[in-house]
Amino acid sequence: MFIALPLSAIGLIDNRLKRRIVQKVLFSLLLLFSGLYLHAQSLSGNVTDAVNHQTIEGTSVYLPQLKLGTVTDSKGNYKIDSLPKGIYQVEVQKSGHVTSTKQVEVDGDVTLNFSMTVSPFTSLNEVVITSLGIATTLQRTPMPVTLVTHDMIVEGTSNTVIDAIASQPGVNETTEGSGATKPQINGLGFDRVLTLTDGLRQEDFQWGDDHGILIDPYAVYNAEIIRGPASLQYGASAEAGVISFKSQPFADSGTMRGSVLSEYHTNNGYIGNSVNIGGNKNGFVWDIRGSSEEAHCSQNPKDGYVWGTAWQQENVKLILGFNKSWGYSRLTLNALHRRIEVPDGNRDSTGKFEFDTPQNGKVYPSRADFLSYHADIAGDKNLDEYQAWWQNSFNVGNGKFGIDIGFTQSVHHDIDSGTVGSGNFYVDDIPYSLKYQVAGAHSGLKFTTGINGTYEVENNFAEPPVPYIGDFEIPNYTDFQIGGYSILEKDFKNLTLSGGLRYDVSNFIGQSMYLLNAGTPQQTVVPAGTPGADMQFEGFNNTYSGWSGSIGASYQLPQNNYLKLNISKSFRAPAINELTSNGQNIGSNAVQLGNINLKPEQGYQIDFAYGNNGRDLSFELDGFYNHINNFIFGDRTDSVSDGLPVYQYVSSNTAILTGVSGYFNIHPTTTKWLEINNGLTYIYSYLPNSTDSTNHLPWIPAPHLTTEIKLKLNDRKSSILKGTYIKFGLAKYWAQNNIYSALYTELPSSAYTLFNAGAGTNFINPKTGRVICSFYVNCTNLTNIAYVDHLNLAQYFLSYNGQVSTVTQKNQGIYNQGRDISFKLIFPIGTTTSKNRVAEDTRD
């Protein structure tokens, strides 16, 4: 029997369980070390210029499927040791050159040479992506996929990992303050977007909007975003798409490499620090990172400092692994703690923020309270996320057999007084995946089949002591998910065809719960049949099943043009909160009621894209149409409970979402110092047969356009500054009037324009060519305007002297963050067998 205990209370875990955990970890390490004696393969070669045939130094040669790579030496040579046998995509990148990709079969010591064409712009279309289940290039995949490179992340500024990707076309975020963000793809979010970290599902309360994704942003190297149904590869949770975060590549063979990072933001005093070191010795790879972040209350021109927006986070991550001739094995261990305040918008009659109840005789927060980094003064959440993820790949015949299994635990406490929780529960997950992959070395065929899913257990903690009252939002339950799938892809000269099918089964078993003296300090959980007890949750046993599938094609036209078409069918079972919610969601300032009779959603989507990957400009325009039957959402009722609005989960017969997103980038070959990048997002939603106030889905982002002009300084051979740039940008958001306005569920948003600026450079040791440090500065909301983003859920948080009130005008709620200037320093550390140049540090 599987027994789950909250690791946040580690002191209470009995010694037997501690021994079992240690034994399992030691057994995993023993299996890893058992591969030490096996000989592995190598890949080596030379990189030259396609025109003058001169060798190119400092070129990145990378195998994305293995997260292994190196850079070429002064003679243009490279060598990657300790590789498993197999067929891999090899990606070659160098600033000022066109990215090159080749497929290679590694069996023994293999030589593979590359010739590169000069280009001032580094195109991403030939970059290899792996999140679709089959390794392919960005331009070849029929699915709409966005790559967020390492350079984009490190040169930008963000409070959370979702901030770092939310400016991409088709991607947005819902927010409840600077530290609480959730992703959205093509107008859909929460349980419809699956978030992965190195393939591990993030099951940390995806249905909640009040604490964000529990991922260390400094542990993310780059990201792949599937902008459309990905149920085929990942199951029901990927109905809208997938965000696949990747950790950094392992160090080159025979080296140790790491970094020290420090960051500061002026608006909320954000302080971030991260230290990382990793190595690679004869196929044994390891990487360890420790990070900390903290921020006091954020501020904006309208509200001043916003009470209840401070937060803290700490994270430790360890990766151990082997790459040998038989394949590879990797073990990832991660522990994260976040404490985050939850704003409720409580004010006096003049609009000044005040405590919900007087604190030490004070009615109003002082300046010292606003600037405190201790996120336990206001009502807050205490969140812990523990992860163990074991990934294995074995060579079987001409293919690879993968076995991945993990354990995650998410611990949740809503805090009343700084120490006592009212909403207390934990969720244990055992994600698993078995798959077989085979690729023809010359046929262009790639085939993947397998099963994956998760087993989830949730339990509420005991009632808090008097006078605190427990808030039981969802029942104790188990959820077993399993799905089988097959994917086939065929590459021709200019045509790629891809398709597959999947079948999913999900079984929810929820336990009943009865409360005696419900809603009073004497509230107690009692057995069924207790006289005077009220039923909090009804027991249930629901099974959902359904098909998913997709078929698509991409075609490479003359003169760097290309077309993409993909048709997909998605399936999503109702989430636990949609089925069973029965109480106050503290972070959402609302009472939510579930419905155990909801039907699973069935989606049908078509995606079409046309693009060009030219020398002077590149663009892509993606259009989609998504038709979802039995669409589930929280509908605001005309009822109120303790002053809070009541939302009932319902299933609309049909929901329709359609829109376009794309980019248009200018990078003239005759003006190498200039780049102009533009992005567009427009999404329209519709609920047929509805009234004027209910005929649009709630929380659809406003149409917006982003523009960034980047000026790059020429690098001189003897200069101590390299990779220097200055950038200026704007984000234009139009008004959003297509809203679900019934009962003030939403308010129309106003148009606004944000101006941004930034700069960055690398300080170089001119004698060795090594990077001493990298420095970045960014300013967002340069003109410090007061604005409210349509997906800012905190705009609906309002109380007067502790009494919840409905926001009926924009100026009543909480505004978005004002001007922020951030500073970031990164110091690379470690030893290498080749020079640690800029090209190595910025490998995408």
Side-chain angles (χ1 to χ4, degrees), residues 2 4 6 182 188-195 201-211 213-214 231 234-240 381 383 385 408-414 423-431 453-461 470-483 504-513 525 535-546 571-588 590-601 630-635 646-651:
F2 181 77
K182 281 287 178 84
L188 299 174
F190 301 103
D191 282 290
R192 297 178 178 91
V193 174
L194 178 63
T195 304
R201 300 160 63 102
Q202 288 290 142
E203 296 289 353
D204 45 9
F205 325 114
Q206 291 297 296
W207 41 266
D209 55 13
D210 49 351
H211 52 70
I213 302 291
L214 299 180
S231 303
Y234 298 105
S237 298
E239 182 186 34
K381 289 181 178 291
L383 305 165
E385 179 74 8
T408 68
Q409 184 173 77
S410 306
V411 185
H412 177 284
H413 295 283
D414 283 314
N424 302 290
F425 55 91
Y426 64 92
V427 180
D428 291 337
D429 283 275
I430 302 178
T454 187
Y455 177 68
E456 183 170 278
V457 180
E458 187 274 346
N459 281 292
N460 288 283
F461 287 115
D471 176 40
F472 299 101
E473 300 177 36
I474 55 177
N476 298 341
Y477 71 89
T478 62
D479 177 22
F480 178 68
Q481 301 176 22
I482 187 170
D504 277 289
V505 177
S506 179
N507 176 238
F508 274 108
I509 300 177
Q511 300 179 18
S512 62
M513 175 184 285
V525 178
M535 184 175 68
Q536 178 70 8
F537 300 112
E538 176 184 359
F540 71 99
N541 187 335
N542 291 3
T543 299
Y544 306 93
S545 60
F571 162 84
R572 185 182 79 91
I576 187 63
N577 63 309
E578 297 166 341
L579 291 169
T580 64
S581 289
N582 188 22
Q584 178 184 354
N585 185 323
I586 294 176
S588 297
V591 172
Q592 297 175 340
L593 302 177
N595 180 357
I596 62 172
N597 298 313
L598 294 174
K599 297 179 181 179
E601 294 179 347
N630 306 319
F631 187 82
I632 302 168
F633 69 100
D635 186 22
V646 177
Y647 287 80
Q648 172 72 62
Y649 282 101
V650 297
S651 186

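This is a predicted model, so every value here is computed, not measured.
Residues A573 and A236 come closest through the heavy atom pair N-CB, 3.9 Å. Residues S545 and F571 approach most closely at O-CE1, 3.4 Å, considering heavy atoms. Considering all non-hydrogen atoms of both residues, Q584 and D471 come closest at O-OD2, 2.6 Å. Minimum heavy-atom separation, T478 to V457: CG2-CG2, 4.2 Å.
Using modelled atom types, one side-chain atom of N542 and one backbone atom of I596 make a donor-acceptor pair closer than 3.5 Å. When atom types are taken as modelled, the side chain of N460 and the backbone of I474 share a donor-acceptor pair closer than 3.5 angstrom. Between the side chain of Q648 and the main chain of L593, a donor-acceptor pair closer than 3.5 Å is present. Put simply, the side chain of N595 never gets that close to the backbone of V650: no donor and acceptor are under 3.5 Å apart.
Atom CZ of residue R201 and atom OH of residue Y234 lie 10.5 Å apart, to the nearest 0.5 angstrom. Atom OH of Y477 and atom CZ of F425 lie 8.5 Å apart (nearest 0.5 Å). To the nearest 0.5 Å, the span separating CG on D504 from CD1 on I482 amounts to 9.5 Å. Here the CG-CZ distance, from L579 to F537, works out to 12.0 Å after rounding to the nearest 0.5 Å. Here the straight-line distance linking atom OG of S410 with atom CD of Q202 works out to 8.0 Å at 0.5 Å rounding. Once rounded to the nearest 0.5 Å, the distance linking CD1 of I509 with CZ of F480 reads 11.0 Å.
Under the 4.5 Å side-chain criterion, counting only non-hydrogen atoms from C-beta, N541 is in contact with N507. The shortest distance between side-chain heavy atoms of E456 and Q481 does not fall below 4.5 Å. Residues F472 and V525 have side chains in contact (heavy-atom distance under 4.5 Å, counting atoms from C-beta outward). Proximity of Y649 to Q592: side-chain heavy atoms (C-beta onward) are separated by under 4.5 Å at one or more points. Side chains of Y544 and L598 form no contact here, defined as non-hydrogen atoms less than 4.5 Å apart. With a 4.5 Å cut-off on side-chain heavy atoms, V427 and E203 do not count as touching. No side-chain heavy atom of D191 sits less than 4.5 Å from a side-chain heavy atom of I632. Within the 4.5 Å cutoff, the side chain of T580 has no heavy atoms near those of the F508 side chain.
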key: Residues I576, D479; criterion side-chain contact (heavy atoms from CB on, under 4.5 Å); working and verdict   = CA-CA 9 Å; I576 187 63; D479 177 22; over 6 Å; no
request  = Determine, stepwise, if the pair H412 / L383 fulfils side-chain contact (heavy atoms from CB on, under 4.5 Å).
outcome  = CA-CA 5 Å; H412 177 284; L383 305 165; 3.7 Å; yes
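In this structure, E458 has no salt bridge (charged side-chain N to carboxylate O under 4.0 Å, His left out) partners at least two apart in sequence or on a different chain. Partners of R192 according to the salt bridge (charged side-chain N to carboxylate O under 4.0 Å, His left out) rule, which considers only residues two or more places apart in sequence or in another chain, are E239, E601.
Residues E473 and S581 bring no donor and acceptor atom of their side chains to less than 3.5 Å of each other.
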